[in-house]
Amino acid sequence: MFRSFARLSSIDALTATGSWNSVRHTSPGIASRSFHTSPATFRVQAGKYKPTQYKTKALTYEQANYPHTIGIRKSWNAWNTSNLLESNTRDQAYEQTIWDTFIRKFIYGTWHNMFVSEIIIKRRHNMIHVAGVVQQTVPVRKMYFLIGYTEEFLGYLLKSPVKMEIQSVPDKKDMIFTYI
Amino acid sequence: MALAARLSLFSGTATSTTRQTDWIRLFASVPSNLRDEAITEATEFRTLSLNPARKERRKFEERSNRTPDLLPPRSQKMHVDQDWTNVWPTATSFKPSVVPLPVRMGFAYKGANPDKYGNAELMKIPNFLHLTPAAIKKHCAALKKFCTPWPEEIADDAACDRYFPAQVITSTYCHSGTSIRNSKYRIVSYKVPLSRLNLDSHARDKFLRLLGDRYDRHTDQITIITDRCPTRKQNYEYAKYLLTALFHESKKTEPWEHEKAVADFERFKWEGSPSEAAATNTVKEILTSSTASNEPTSEDISPEEVKQFEEVQEYQRAVSDMLNAGEHQDSVERYKDAVKTMLRLGRFS
């Protein structure tokens, strides 16, 4: 309907159109004043994995469940009170999210190729608990060093005590939940 | 030989000087007899064999993840009568090697739910393994030495209200964040029943006017909320100051307060009202006109006695109710009945 409007009168189309589709204008004077719109794709892809032909792609439990099942089949990876009503950290929600990203990046770099689950960040009072599953690729002694190193550095950077609560699995294949 | 001499020269200078020629390396192009000689002369140099002998070549070994020797999970060695509070003393994420329970968590279309090993879902959720009944018993036992027995005089809530009429309400907040402070912790609510202040009618009236909407007449509670000071203690003291100031202010009588006329009353007051005088006079008139010769005359009946008649009392209540609570069907009906009763002649003898 809007397209036919556009053919009839560009001015009418400009005023009448509410559509996502772009409006083609015939008059050069009007065209220079118009704004460009493009159709929305509505393609939601985050957290969804493409299946392979012979079902060879291995997924963990976290990956195998869609994002919309958070709170139903799987729970959140960040636990804090910034979303609660009347919370004093309500205005710090953005800050905590940014720091969570920083913690994740720090750990991905420090514990390189060792975390086989998502990094879980739980904030209780002023403490930050970082949890997750690692694979046993380094000796226990080094693992303890990494725990202390991460706790110290993150503690200095975040200005609050940080504790790592990790469990280890012998191989990352132990984390495979399904193949798609 | 010339090369060997040069090498020995180099090595000699290297050892005698401050090892500035440490970058010199012997190459495999040097004949083997010379090489050995050179190595014996300069042992700190290592050789880089770019083309080693076939025997010396090692097969390329693929790097493998060697699993370290780990102890079996703790949970397999636990005694059934162990003290669990020592195993799990504080709040922490789930550890499958420590919990000797076949816990499972997760959803699976086919087969069993994921077990506890390598289960990140179990690590996400808060657990209460540190709050077992045994742990709570231990907590209570540890706290008991700081407790005193409950006073016997305060057996119930009524006794508590009698002995401790004032109520101070504050809130403590627990949240996750870098700061443990909460700006709302400073707010203090001070509650006290008005009847416990022992005010006379004038002071009470003034007190209520000063309080405004801080008085709840259904519960008879005064509520003073203070939040303007930065700390809780200051707000508490400010609330106490406010209550004290209000109390003493309401006890004062200003010179202009005597100018209050009947029209200024906020409620209808029967005593001294024109209605009272009219009713008393009317009743006395009725009595005078209807008195028989053998009965006591109206002169013997004082206005005070007239006011004590049941009919006059009912009329007083009806008028006060209608003027104070407002005119509605019931009050008007009551007023009508009271007037009819009062004016019925011959009932006052």
Side-chain angles (χ1 to χ4, degrees), chain A residues 60-62 64-65 69 72-77 79-82 84 86-90 92 95-96 99 116-120 122-133 135-143 158-160 163-172 174-178, chain B residues 63-75 88 90-99 103-131 171-187:
Chain A
T60 63
Y61 182 82
E62 172 87 27
N65 286 297
T69 60
I72 302 156
R73 287 185 199 162
K74 62 178 184 181
S75 38
W76 297 264
N77 286 320
W79 290 70
N80 54 54
T81 57
S82 62
L84 296 183
E86 294 185 1
S87 162
N88 68 329
T89 53
R90 207 165 153 71
Q92 295 170 19
E95 205 180 314
Q96 291 194 353
W99 277 117
V116 287
S117 74
E118 302 294 319
I119 292 163
I120 302 152
K122 295 190 261 189
R123 289 163 194 268
R124 276 202 296 269
H125 306 322
N126 64 337
M127 284 196 75
I128 299 171
H129 300 258
V130 180
V133 185
Q135 54 174 339
Q136 296 160 359
T137 51
V138 295
V140 182
R141 197 160 37 83
K142 288 190 181 177
M143 197 89 89
L158 301 169
K159 311 282 189 299
S160 56
K163 270 193 85 66
M164 290 211 75
E165 294 166 348
I166 55 170
Q167 68 161 296
S168 62
V169 289
D171 195 2
K172 65 177 166 188
D174 296 346
M175 295 296 289
I176 294 172
F177 177 69
T178 184
Chain B
R63 191 185 155 189
S64 63
N65 288 337
R66 270 176 291 173
T67 51
D69 295 329
L70 291 174
L71 291 168
R74 264 172 86 186
S75 58
W88 205 283
T90 53
T92 184
S93 293
F94 185 83
K95 280 193 207 78
S97 60
V98 181
V99 182
V103 191
R104 287 175 172 275
M105 185 163 177
F107 169 82
Y109 278 110
K110 279 186 275 183
N113 299 345
D115 66 353
K116 62 179 179 175
Y117 286 101
N119 195 335
E121 293 305 306
L122 272 172
M123 301 183 77
K124 288 177 189 175
I125 53 160
N127 63 59
F128 292 96
L129 292 167
H130 62 293
L131 289 177
S171 300
T172 310
Y173 295 86
C174 270
H175 284 295
S176 66
T178 47
S179 172
I180 57 169
R181 315 265 174 243
N182 189 315
S183 57
K184 282 180 284 183
Y185 99 104
R186 69 184 198 285
I187 300 169

> So A/Trp76 and B/Lys124, side-chain contact (heavy atoms from CB on, under 4.5 Å) or not? Walk me through it.
Replying inline: CA-CA 7 Å; A/Trp76 297 264; B/Lys124 288 177 189 175; over 6 Å; no
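For the atom pair CG (A/Asp174) and CG (B/Asn119), the distance works out to 12.5 Å, reported to the nearest 0.5 Å.
For A/Asn80, the parts sitting under 4.5 Å from any heavy atom of chain B are the backbone and the side chain alike. If you measure heavy-atom distances from B/Tyr173 to chain A, you find no contacts under 4.5 Å at all. Neither the backbone nor the side chain of A/Ile128 comes within less than 4.5 Å of any heavy atom in chain B. Heavy atoms of B/Tyr109 lying under 4.5 Å from chain A belong exclusively to its side chain. No part of B/Lys110 comes within reach of chain A, as not one of its non-hydrogen atoms sits under 4.5 angstrom from that chain.
Remark: A/Lys122 engages B/Ser93 in a side chain to side chain donor-acceptor pair (under 3.5 Å) (not counting sequence neighbours). B/Phe94 is linked by a ring-ring contact (aromatic ring centres under 6.0 Å, His included) to nothing, counting only residues two or more places apart in sequence or in another chain.
No more than 12 heavy-atom neighbours from other residues, nucleotides or ligands sit within 6.0 angstrom of NZ on A/Lys172.
The minimum heavy-atom distance linking B/Thr92 with A/Glu165 is given by the pair OG1-OE2, 3.1 Å. Heavy-atom minimum distance, A/Phe177 versus B/Phe107: CZ-O, 3.4 Å. For the residue pair B/Met123 and A/Val133, the shortest heavy atom distance occurs at SD-CG2, 3.9 Å. The two residues B/Gly106 and A/Tyr61 make their nearest non-hydrogen contact at CA-OH, 3.2 Å.
Side chain of B/Glu121 to backbone of A/Ser75: a donor-acceptor contact under 3.5 angstrom is found.
Your options are A/Met175, A/Gln167, A/Arg123, A/Glu118, and the one with the most heavy-atom pairs under 4.5 Å with chain B is A/Gln167. Here B/Pro96 is the residue among B/Pro96, B/Ser97, B/Ala120 with the most heavy-atom pairs under 4.5 Å with chain A.
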